[in-house]
Amino acid sequence: MTEKRSSFIETMLSRGFMHQCTDLDALDELARNGTVVAYIGFDCTADSLHVGSLLQIMALRWLQQTGHKPIVLMGGGTTKVGDPSGKDEQRKLLDDEGIARNMAGIRRIFDRFLSFDDGPSGAIMANNADWLDRLAYIPFLRDIGRHFSVNRMLTQDSVKLRLDRDQPLSFLEFNYMVLQAYDFVELGRRYGCQLQMGGSDQWGNIVSGVDLGRRVDNRALYGLTTPLITTASGAKMGKTAQGAVWLNEERLPAFDYWQFWRNTEDADVGRFLRLFTDLPLAEIARLEAMPGSEINEAKKILATEATALCHGRAAAEAAAETARKVFVEGGIGGELPVVEIARDALANGIPAFEALVRAGLAASNGEARRLIKGGGARVNDEAFAQETRAVSLADLNADGIIKLSAGKKRHALLKAV
RNA sequence: GGAGGGGUGGCCGAGCGGUCAAUGGCAGCAGACUGUAAAUCUGCCGACGAAUGUCUACGUAGGUUCGAAUCCUACCCCCUCCA
């Protein structure tokens, strides 16, 4: 291919989203000559998505930014089946009510990243329960099932892994890939969808859909997968002290989200800027070239840009400002979590370990005690070793606030009321 | 349905009558060094308690025993082979 690539494919390649594609040149051609309708499926196993899905979300975002039409497919139907990919054990089955609740939560996240307008590239939100729930078993088997070879299904990684490890795989889960393949066909019929994207672990399922589309509808479908993102030291991305890095404010405050990105490893800064921000590549090249500790400036930009996409510019700026106050000045910032405590209780003094638990900095009294004994606890930035040290009115600052810290990075404020 | 194997702390995985709140690894938390990085080193890592300590835990329910994660019985779940 000597012709100039479509901006969509060009972006996917240059920003690091491309892992595998069923037919890159043909897809490129398609994107150059018209609007590509593409989808990514998301299961509704929780009421939010976490950074693990962010790459997929950004892929849809770029698709839209380059003039194409994204479909967000909610797995209202497939969630009832459970994807065996990457799971050692069968997932707990969710009921309709739980799935509906989760879908509502996830929907809100996409409002930030995509534009659901009526234009030619306006995003669509679909739910595969709309067609999967109504499938008639025998007709489905005859029309769709006959195109699947069990022999080949058994060689799929998702299935093979379970079998090799002597772990159970129910017939229900075994059907997952059939249903996902059918989703692709159904979206092709309904919306003219020709491309499915997904993580690299979805390759098998995606290819099944491409094959199925050709067989039942004689339609050319394409698949594109994104690489599995790990940190430079090999860890899976998206875990922090508190657990998964969620994308909604209720589960993970914007400040903590900002902190997550701020703590990116040096070696990941450039890659993450390309994947998780909209910054131009030239600018990113400049940032990632920063030597030594100057790279911290690039991390701050990464944090602010990534947070702005997910929580809005204002929240991102506020998080950055709090971080500056807390880490540079060693003071107090507005975005730190605040826990209210009765003035009367403080008058009597409460033990420091209990204060730490109340502030959410320790899960149990024992944990708080250990933290203190280990020298990691501070009241108003003063370290102390006596776990029964009382926190009292005397510790209040002029604004009636006490700053508690567990280590250098975790802080909370107690406010007397 | 039959035969055999197995279910241990967030995960993996030892232990197979007392010295077991249970070896080890991973993950996690804190400290040191730094740059809110990585790597490295150190400490911690069931709950409650100021504490000798108390409680809860080795699939579930009983039992044997001075004493059980360890032995017995029943049940549940998983795996393999046979039908």
Side-chain angles (χ1 to χ4, degrees), chain A residues 84 86-92 161-171 173 230-245 255-273 287-304 306-307 319-333 335-336 349-354 356-357 359-379 381-390 404-412:
Chain A
K87 307 290 184 309
D88 282 356
E89 285 173 35
Q90 187 175 346
R91 265 201 299 241
K92 239 178 32 199
L161 187 77
R162 288 278 189 91
L163 297 179
D164 287 350
R165 289 190 174 187
D166 288 344
Q167 272 155 350
L169 175 74
S170 68
F171 181 66
E173 294 170 286
T230 54
T231 67
S233 34
K236 233 184 223 171
M237 210 192 143
K239 298 286 181 190
T240 66
Q242 289 77 31
V245 179
F255 176 70
D256 294 314
Y257 190 75
W258 192 93
Q259 282 295 321
F260 166 74
W261 293 106
R262 173 64 184 80
N263 285 305
T264 297
E265 293 177 31
D266 289 7
D268 290 327
V269 172
R271 199 159 50 107
F272 285 4
L273 280 166
L287 291 172
E288 74 175 324
M290 288 180 157
S293 61
E294 282 181 45
I295 195 82
N296 282 328
E297 291 312 309
K299 291 185 191 181
K300 288 175 193 167
I301 291 169
L302 168 63
T304 301
T307 306
E321 175 59 13
T322 288
R324 195 184 64 74
K325 282 182 180 158
V326 172
F327 288 98
V328 179
E329 299 175 4
I332 288 172
E335 304 299 307
L336 292 180
I350 59 174
F353 67 83
E354 190 183 328
L356 287 167
V357 173
L361 295 175
S364 68
N365 289 354
E367 189 179 310
R369 287 165 202 274
R370 278 180 241 122
L371 179 70
I372 295 167
K373 283 180 191 159
R378 274 166 296 146
V379 173
D381 297 310
E382 292 286 328
F384 60 99
Q386 180 54 258
E387 62 213 68
T388 49
R389 175 207 195 281
L404 293 177
S405 308
K408 293 199 182 79
K409 297 186 194 174
R410 295 155 59 218
H411 309 278

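Within every chain, numbering begins at 1; the chains are lettered A, B, ... in the order of the sequence lines, protein sequences first and strands thereafter. Keep in mind that what you see is a predicted model, and the values were worked out from it rather than measured.
- In this structure, A/R370 places its CZ atom 7 Å from C1' of B/rC44, rounding to the nearest Å.
- Remark: the separation of the P atoms in B/rG10 and B/rG63 is 28 Å, to the nearest Å.
- Taking atom P in both B/rC79 and B/rU70, the straight-line distance is 24 Å, to the nearest Å.
- Only the C1' atoms considered, B/rA21 is 12 Å distant from B/rC45, to the nearest whole Å.
- Summary of the strand contacts: A/G375 and A/K300 both lie near RNA chain B, and taking for each the nucleotide with the nearest heavy atom, the more 5' one is attributed to A/G375.
- Distance noted for atom C1' between B/rG49 and B/rG35: 41 Å (whole Å).
- Atom CZ of residue A/F353 and atom NZ of residue A/K373 lie 10.5 Å apart, to the nearest 0.5 angstrom.
- For A/K408, whose side chain is taken as the heavy atoms from C-beta onward, the closest listed nucleotide among B/rC29, B/rA32, B/rG35 is B/rA32.
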Detail all sub-3.5 Å separations between protein N/O atoms and N/O atoms belonging to nucleotides 48-53 of chain B.
residue : atom : partner : partner atom : Å
B/rC48  : OP1  : A/N365  : N            : 3.1
B/rC48  : OP2  : A/N365  : N            : 3.4
B/rC48  : OP2  : A/G366  : N            : 2.8
B/rG49  : OP1  : A/N365  : ND2          : 3.3
B/rG49  : OP2  : A/N365  : ND2          : 2.9
B/rG49  : OP2  : A/R369  : NH2          : 3.2
B/rA50  : OP2  : A/R369  : NH2          : 2.7

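- By the 4.5 Å heavy-atom criterion applied to side chains, A/N263 and A/K409 are counted as neighbours.
- Taking atom P in both B/rC16 and B/rG24, one finds a spacing of 16 Å when rounded to whole Å.
- Judged as a salt bridge (Lys or Arg N to Asp or Glu O under 4.0 Å), the pairs with a partner in residues 291-300 of chain A (not counting sequence neighbours) are, in order, A/D266-A/K299, A/E297-A/K300.
- Rounded to the nearest Å, the gap between the C1' atom of B/rA57 and that of B/rU8 is 10 Å.
- Remark on RNA chain B: of its neighbouring residues A/T264 and A/G376, the 5'-side contact belongs to A/G376, judged by nearest-heavy-atom nucleotide.
- Using a 4.0 Å heavy-atom criterion, one finds that A/A323 contacts the bases of the nucleic acid, with or without backbone contacts as well.
- Atom P of B/rU60 sits at a distance of 12 Å from the matching atom of B/rA69, rounded to the whole Å.
- Separation of the C1' atoms belonging to B/rU36 and B/rG31 is 16 Å when rounded to the nearest angstrom.
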Subject >> Base-pairing string, 5' to 3', of RNA chain B - Watson-Crick or wobble, under 3.5 Å, | interstrand >> reply: ((((((((.[[[..)..(.....]]].(((((.......))))).(((....)))...[[[[[..)....]]]]]))))))).
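- Put simply, the side chain of A/V379 reaches to within 4.5 Å of the side chain of A/L404, judged on heavy atoms.
- Minimum atom distance to the side chain of A/W258 is reached by B/rU36, of the listed B/rG35, B/rA47, B/rU36.
- No salt bridge links A/R370 with A/E367; every basic N to acidic carboxylate O contact stays at or beyond 4.0 Å.
- Counting non-hydrogen atoms under 4.0 angstrom, A/E294 reaches nothing in the nucleic acid.
- Nearest nucleotide to the A/E265 side chain, out of B/rU36, B/rA30, B/rA37: B/rA37.
- Within the nucleic acid shown, A/R262 comes within 4.0 Å of at least one base atom, counting heavy atoms only.
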